[in-house]
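What follows is a short report on a single structure.
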Protein chains: 2
Amino acid sequence: MQDDLVTVGEAAEQDGLLYRIRRLVLGGDFPPGAVLPEAFLAQEFDVSRTPIREALKQLQHEGLVEIRPKVGTFVREPTRREIIELFQLKESMEGLAASLLARRGEVAELAVLRRNLEESEMASLTHDTDAYARLVHEFHWTIVRGSDNTKLVEHYERLMNQLAYQRLVLRTVEHPGRLEASTREHRAVLEMIEHKDPFGAESAMRNHVHASSREALSDPATDPRR
Amino acid sequence: MQDDLVTVGEAAEQDGLLYRIRRLVLGGDFPPGAVLPEAFLAQEFDVSRTPIREALKQLQHEGLVEIRPKVGTFVREPTRREIIELFQLKESMEGLAASLLARRGEVAELAVLRRNLEESEMASLTHDTDAYARLVHEFHWTIVRGSDNTKLVEHYERLMNQLAYQRLVLRTVEHPGRLEASTREHRAVLEMIEHKDPFGAESAMRNHVHASSREALSDPATDPRR
DNA sequence: AAAGCATATGTTGCATACATGAAGAGCGTC
DNA sequence: GACGCTCTTCATGTATGCAACATATGCTTT
């Protein structure tokens, strides 16, 4: 169902193990800082430690966990500084995506974006934050996929995994007035794309991501102590 | 010491295995499309197949090799399309880096850049292409590291590995007139950074990368048949 | 002679066993 | 009573063995 939309490029995941463990980490089932014993995961997924180790090593390279040699694997939470850094990258990448999409003709993604905007306005009016969070996710991913740049998609996916973005969005959509502002920004982006204005689209997208990042960083959940 | 500059973020590589195998692949010791048997690498590096497999799996996620299940691991060469895509990303990321660096004060990186530019002009006059290729590498990496954004550095490193950039640069610096043009572009970037003009720096950097990508793509070595 | 099939081989994928090293508990000493 | 040391325990890191599968070879059949 929506999972197909949510996981997007992950469909190409040959071994679901990496994906499943990533969900475990991102889903917050394990408290950040906690250890994930290989033996436990092996038993949990009914495989040997070997494939578990391969997946964990990959997650380490993604920055989601930290493997302290001979000690264990720990769930890693991005520091506030890293969140800022990742948002800067997000702004750049999504700006590029919007620009590339604007250069393309009338492609299927545009219809998805228009429909998404309509549904977002509905969700905004009814203050259905869960639906809105899902729509935001879809909007951004549609633009990135619409860039028709597979390498951008790959790096973006990696970036979003590092950000643990879902958690952040669920917080920011609850800020008063953010839904309406976000929808306006989405509309501006879409209009620029429809006008085939790459610079305008990039600019609008970067503005939007920047605003969104400020919202996320202003949230107390992004613990400033770290 | 210069090795530290060249290998940059790789210093954090705990197991040199991944790094060493990557060098093997990027160094072109294996013909693209050739298999790298795990057993051979295991014997070569005097370890068991297990750490070899971990490294290969990582290289697969980096896009440098392709693991066909139950068949073998093959050296993967980026297609022309992928090179275009990667250059678009490079342009975006380096633009971001230049912008961020321009926002910072007088940092140590600026001195490195100034010195680099001087040496580049020398190399340009004497047509020392090897030295110039090294200096180009240093110039770009210095800007990226100077962005003071570790996540950008990580993604950039990944990107450059995927591009197998060294091979490309060695070709383009031999294009007539390219050295002079490249040096002019570098100067423009540095001036914008010194003037603390983030937008100008980003713009100049993107122009430069764009020009450089056209050079690389015009080279017959970037096989258009693929 | 050509096409199809069975077999053989070589490689990966996973599981298990063992070695290595780190953190913690318990004891002895100051 | 507190500190330091040793030993135990447990988790990871690596090696090896075995099974599964894809490819290639040679044989049989038409």
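Throughout, a chain's letter reflects where its sequence line sits, starting with A, and its residues are numbered from 1.
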Inset, instruction - Indicate the ring-plane relationship of His208(B) and His140(B), choosing parallel, tilted or perpendicular according to the 30° and 60° boundaries. - result: tilted

Legend entry - N-O pairing of Arg134(B) and Asp128(B) below 4.0 Å: no

Legend entry - cation_pi(Arg20(A), Phe45(A)) dist<6.0 Å, angle<=45: no

Inset, instruction - Name the residue closer to the 5' end of DNA chain D, choosing between Leu56(A) and Thr50(A) according to the nucleotide with the nearest heavy atom. - result: Leu56(A)

Inset, instruction - Give a yes/no on whether any side-chain N or O of Arg53(A) is located under 4.0 angstrom from OP1 or OP2 of dG13(D). - result: yes

Inset, instruction - Look at Ser48(B) and dA15(D) and indicate whether a side-chain polar atom (N or O) is within less than 4.0 Å of OP1 or OP2. - result: yes

Inset, instruction - Could you tell me whether Arg214(B) and Glu91(B) make a salt bridge, using a distance below 4.0 angstrom between a side-chain N and a carboxylate O? - result: no

Inset, instruction - Rounded off to whole Å, could you give me the CD1-to-P distance for the Ile52(B) and dT16(D) pair? - result: 13 Å

Inset, instruction - Answer yes or no: is there an ion pair linking Glu66(A) with Arg76(A), defined by an N-O contact shorter than 4.0 Å? - result: no

Legend entry - Value in whole Å for how far the P atom of dT14(D) lies from CZ of Phe45(B): 15 Å

Inset, instruction - By nearest nucleotide on DNA chain C, pick out whichever of Val71(A) and Val47(A) is the more 5' one. - result: Val47(A)

Inset, instruction - Would you name the heavy atoms of His175(B) and Ser218(B) that are closest together and state the gap between them? - result: CE1-OG, 3.7 Å

Legend entry - Pair Glu85(A) + Arg81(A): basic N to acidic O under 4.0 Å: yes

Legend entry - Interatomic distance, Arg49(A) CZ vs dG13(D) C1' [rounded to whole Å]: 8 Å

Inset, instruction - Let me know the distance between CG of Leu36(A) and P of dA11(D), rounded to the nearest Å. - result: 13 Å

Inset, instruction - Provide, to the nearest angstrom, the distance between the CZ atom belonging to Arg68(B) and the P atom belonging to dA22(D). - result: 11 Å

Legend entry - Start and end of chain A contact along DNA chain C [non-hydrogen atoms, under 4.0 Å]: dA15(C) to dA23(C)

Legend entry - Interatomic distance, Phe40(A) CZ vs dA11(D) C1' [rounded to whole Å]: 15 Å

Inset, instruction - Using atom CD of Gln43(B) as one end and atom P of dT16(D) as the other, report the distance to the nearest whole Å. - result: 12 Å

